[in-house]
Amino acid sequence: MVSGMLGEYDKKRDFRRTPEPAPTAPAAGAGPLLFVVQKHAARRLHYDLRLELDGALKSWAIPGGPSLDPQVKRLAVMVEDHPLDYASFEGNIPAGEYGAGQVIVWDRGDYSPDEEGKLSFGDRDEASERLRRGLAAGKLSFTLRGHKLKGSWTLVKMKRGQNDWLLIKHRDEQADTAKNILDKDRSVVSGLTIDNLKAGKKASAPTSTAPGLDNVASARRTAFPARLAPMLASSAERPFSDPDWLFEPKLDGYRTIAAISDGRVRLLSRNGLDVTEKYAVIVESLRRQPAASLVLDGEIIALDEKGKLCFQCLQGYLESMGRRDNQGPAAAAIIYYVFDILYLDGYDLSGVPLTGRKEVLDRVLSTTPAMRFLEHFEGEGEVIYHAAIDQGLEGVLAKRKGSVYKPGQRSPDWLKIKSVKTDDFVIGGYTPGTGNRSHSFGALVLGYYNDKDRLIPAGNVGSGFDDRLLTDLKSRLDAIKTERSPFEAKVDLNTPVTWVRPELVAEVKFSERTRDGRLRAPVFLRLREDKTPDQVRVSLGDTKAPSGRTKEAGPADDPPPRRAKDAVEDVLVQLRRPEDNLTIEVEGNRINLTNLEKVLWPGGGKQPARTKRDLLLYLAGVAPYLLKHLRDRPLTLSRYPDGIDGEHFWQKHWGHPVPEFVATAPLSEHGRKTHDYLLCNNLATLLWLGQVADLELHTWFSRVIPGPDRDIPGDLTEPAEILDFLTSYPDFIIFDIDPYIYSGTESRGAEPGLNKKGFTATCEVALWLKEILDGLSLSAFVKTSGRTGLHIFVPILRHFDFHAVHAATRTICQFVLQRHPASVTTEWAVEKRTGKVFLDYNQNVRGKTLASILSPRPSPEATVSMPLPWEGLMKVYPTNFTVASVPAILADSGDPWAGILDAKRDLKALLDSGRKK
DNA sequence: GGCTTCG
DNA sequence: CGAAGCCAACGCAAG
DNA sequence: CTTGCG
Ligand SMILES: [Mn+2]
Ligand SMILES: [Mn+2]
């Protein structure tokens, strides 16, 4: 099998004296090509990178070892081919042998050439051929799938030196400027270090049992997840049968995520609180799991002496931690019922369909009495549901078999179906009790948060308490008593209420909700110690409900405001670290940030300079307001990598693979070939745009998704056709108002600069326009452009395409022009606009853009396009609103444009009347 | 700023 | 490795 | 048709 090219190696090596390669050598000639990196303490410590090709291992010795930093280039000296089975060699090479010293398998996995972003993992012959071509050309690009090394790398042959190559990490998700991967110094096969070998330790059995995860479709090799959050279920009213769904009994306990990493076991509550200390037995079971790193999801429950599920027993168990005075029913057993696996030995399984994850879990889990696999059922949902109720369970969880795990998200792919309706509410106060309750309280006043973070009253609950609970609750409530009502609106009660700070959450059972959102026949069940008040919301839904089974569909894809704010806070903290380069984590995505101290707005005079860090802080700060305006709108980037005085270019298409968190949409102009447009639908993308020095955000006025005001006609089937169609229907009429009133300080031929007179005139025109729009029953929203003028957006139902909207806008502008011919112009020739305010309706065309709301601008002051209330328009000035000032202003007064898409009007009347004239 | 290509 | 180049492109108004 | 415009 080994021929000519290996001759050199054979000469140098005497196989009789060196240990045989371990018997775990991979099956040659099947599956993806193999790579291995051996750490080799020879005369000089180095790492040997070996790539399988044609039955042998192409090899490079890398003195510096690989680096995850794309800026770091490491010398890689090509050495002789090694035989394929050397890939699993680990141990001592005796003194006197070639390469004497210790060798560990520092990393291994598979690889594929990846030129042009095309991978050949599935085709050995193709992969081999591509590698041969790369070798001949002196340039290799390949993707590694190992334990330590992942992502795309390149080996380039240097001009000088026959065998001198450079190993460079490509920029991708796995690139990391901060982490030194060489810190991980253990063998991925034996767990041993070079030092262990020196000390005479023998490699024993492999420690990982990752059961062929390479074969589980959609399992991804990733770093251990930094954040662990359970996926949440939506509610459904009734059980159902569907072959695409499976059913689990719903256990009444504490939702818990178990994590094993770096030899440490952790148990995390639904809120991420570390509860490891509370469950010693379960921790012990976890320690015995045959995995080096692992994340499980499940429910911790308690059984009473009769073997029945007993939530009270669990509470008693937790309360009596460290004490022996527990009074409630005793827990006979504490059990962790595991129903999901999210991560295993380097593989992120969250993208694997549910049934796949269950299969892996079943194989991997070593069950113990304290840790069990939660069985699931298929078939008649109704039968399973009633069986569960008969067992005294709360109900069932229906889970879509093909669904992926979405950490921290409430998904319509998981539905809880309960026998009694219960919900969680924030306790906002209590009413006085009478009779034997006069010393405690009568009822708890309940509420929940709406999407504006306001506490909305939801009625009272006055039953379900026993004496102990009454006194207990009373003292806890009195400790958080407050003068002011925590509720948004007046609470309509005919008894006085003692208000409390909204800090406690109650689970309440009820028969139904009344029309006004109150509860009928409410019964207090328990305090939710594991839930914080801000999690109590109308709807946490974060995806559309495709099946229509969910009780309440979420608003859209947006995470709920509170979570969004947490994510932002998280980012702000990371951004403030004083390093010039940072890798930050944003909602589970890694973003490499560079040159944070680079000045993008130089300032000058009294103007402070603004850096890239300032830009990113701004973007994160306004993200909770900005993202909804950007969502699903194609973007045009306006980039200034070297600041506003440096080179500038527009960019519509990224032209390279985008980070996985960036959404794109293929659009075409009138049916010609499509181009991928970027969409900014999440915080990570927004920050990435900052990283690539996209100073301005220019968005389309149409979106790539349908909605209540815009269906897709049945005869459109091609995705490209559909997107082109959808993007032809604008959400707004827009007016771009620019003063052509010169300050006199402009250089010759330049556009007019910002000046008081011009801006005042612009505001005046805007107000005239508003008057007319009001008369047409249209709603108008105004913002500064951030430069010299104003933008007026008029939200409309998506019933008319750009052509119709354009025509209507022209009519409106002509009307304004007629009334104020001395100050307004719609002239297309620039010279003819001089001294007047240019009212531009010509942007109402598909594919045209304007600097979006809250877009930073390349002005000396680092201004942004600021949404404003109409009142007091004349009193503001564009330079009041900068990347430095706006986050605080928004936090203070909110976004006047927040409701713009809810203020849509029908343009029909206007168009009809226009047609008549 | 990221990436490719060329030397 | 270092230097240099690329990174939008359409449709409407008006002459 | 070309050119200017954003
Ligand atoms: Mn070596
Ligand atoms: Mn403008």
Side-chain angles (χ1 to χ4, degrees), chain A residues 70-76 115-117 137-139 141 152 154-161 164-172 175 177 581 591-596 598 600 612 615-616 634-643 646-659 662 667-673 675-678 687-696 698 700 727-728 734-738 740 751 785 787 789 791 801-803 805-807 809-810 813-814 825-833 838-851:
Chain A
Q71 288 164 42
V72 173
K73 298 166 180 75
R74 290 279 156 82
L75 178 66
E115 287 92 354
E116 272 112 47
K139 184 169 158 53
S141 180
S152 182
T154 186
L155 268 170
V156 286
K157 195 166 177 180
M158 286 196 281
K159 269 266 180 298
R160 292 167 62 88
D164 293 351
W165 297 60
L166 293 164
L167 177 69
I168 308 163
K169 180 78 198 73
H170 275 141
R171 263 173 223 286
D172 59 19
T177 52
N581 297 298
I591 308 175
N592 292 323
L593 302 178
T594 59
N595 293 322
L596 292 170
K598 186 183 239 184
L600 296 183
K612 193 164 157 191
L615 171 65
L616 286 156
L635 271 177
T636 296
L637 312 191
S638 169
R639 299 181 54 192
Y640 295 80
D642 295 310
E647 193 199 336
H648 167 248
F649 58 91
W650 296 98
Q651 192 166 11
K652 287 185 176 179
H653 318 299
W654 187 248
H656 307 287
V658 291
V662 177
L667 299 177
S668 64
E669 284 78 36
H670 219 74
R672 288 191 280 271
K673 95 166 197 249
H675 298 278
D676 280 339
Y677 282 76
L678 300 172
L687 295 167
W688 175 73
L689 290 170
Q691 159 59 20
V692 300
D694 174 37
L695 255 62
E696 300 185 277
H698 288 249
W700 286 30
T727 49
S728 299
I734 61 103
F735 300 88
D736 179 17
I737 316 183
D738 290 311
Y740 276 74
E751 296 267 291
S785 74
R787 300 277 262 197
H791 294 158
D801 66 9
F802 274 105
H803 295 279
V805 168
H806 185 235
T809 319
R810 180 207 278 124
C813 287
Q814 243 118 48
T825 174
T826 58
E827 281 293 345
W828 198 238
V830 173
E831 335 65 274
K832 295 191 186 167
R833 301 175 189 163
F838 177 44
L839 189 49
D840 186 0
Y841 54 87
N842 201 33
Q843 308 274 47
N844 293 286
V845 171
R846 181 176 182 273
K848 284 198 184 287
T849 65
L850 233 43

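Residue numbering restarts at 1 for every chain, and letters A, B, ... go by the order of the sequence lines.
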- request: Round to the nearest Å and state the distance from F735(A) atom CZ to dG6(D) atom P.
  value: 18 Å
- line: Which of dG2(B), dC5(D), dG15(C) is nearest the side chain of K832(A)? It is dG15(C)
statement: The reported gap from CG in L695(A) to OH in Y640(A) (rounded to nearest 0.5 angstrom) is 7.0 Å
Side-chain N,O (K612(A)) to OP1/OP2 (dG1(B)) below 4.0 Å: yes
Any side-chain donor near an acceptor of the partner, Q651(A) and T636(A), under 3.5 Å: no
task: Ignoring hydrogens and angles, tell me if any N or O in the side chain of R639(A) forms a donor-acceptor pair with the backbone of V692(A) under 3.5 Å.
output: yes
- prompt: When you measure from the centre of the six-membered ring of F838(A), is the NZ or CZ of R833(A) under 6.0 Å away and within 45° of the axis?
  reply: yes
statement: Closest of dC5(D), dG1(B), dC3(B) to the H656(A) side chain is dC3(B)
message: Quick one about H806(A) and N842(A) (side-chain donor to acceptor, distance below 3.5 Å, no hydrogens or angles considered), yes or no?
response: yes
query: What interatomic distance, in whole Å, is found between C1' of dT3(D) and the corresponding atom of dA9(C)?
result: 15 Å
message: On the nucleotide dG2(B), are OP1 or OP2 found under 4.0 Å from the side-chain N or O atoms that Q691(A) carries?
response: yes
- prompt: Heavy atoms under 4.0 Å, any strand shown: does V156(A) hit a base, just sugar-phosphate, or nothing?
  reply: nothing
query: What nucleotide among dG6(D), dG2(B), dC12(C) has an atom nearest to a side-chain atom of T594(A)?
result: dG2(B)
- prompt: Will you find, in the side chains of S668(A) and H675(A), an N or O donor that is under 3.5 Å from an N or O acceptor?
  reply: no
- prompt: Distance check: side-chain N/O of K598(A) vs OP1/OP2 of dG1(B), anything under 4.0 Å?
  reply: yes
- prompt: For I168(A) and dG2(C), what is the distance between atoms CD1 and P respectively, to the nearest whole Å?
  reply: 10 Å
message: Using a heavy-atom cut-off of 4.0 Å across all strands, would you classify D642(A) as base, sugar-phosphate, or nothing?
response: nothing
query: Atom NE2 of H170(A) and atom P of dC3(B): how far apart are they, to the nearest Å?
result: 8 Å
Side chain to side chain donor-acceptor pair (under 3.5 Å) against K598(A), all qualifying residues, sequence neighbours excluded: D642(A)
message: From CD of E831(A) over to C1' of dG4(D), roughly how many Å is that when rounded to an integer?
response: 10 Å
message: Distance check needed: dG2(B) P versus N595(A) CG, whole Å only.
response: 8 Å
Nearest atoms (heavy-atom pairs only) where A693(A) meets P641(A): CB-CA, 3.5 Å
- request: If a protein heavy atom is under 4.0 Å from the base, mark B; if only from the sugar-phosphate, S; if neither, -; do that for nucleotides 5-11 of chain C going 5' to 3'.
  value: --BBSSB
task: With P as the reference atom in both, quote the distance from dA8(C) to dT4(B) in angstrom, rounded to an integer.
output: 15 Å
query: Separation of R833(A) atom CZ from dG4(D) atom P, in whole Å?
result: 14 Å
query: Roughly, in whole Å, what's the span from CZ in F838(A) to P in dC5(D)?
result: 10 Å
task: Rounded off to whole Å, could you give me the CZ-to-C1' distance for the R810(A) and dC12(C) pair?
output: 9 Å
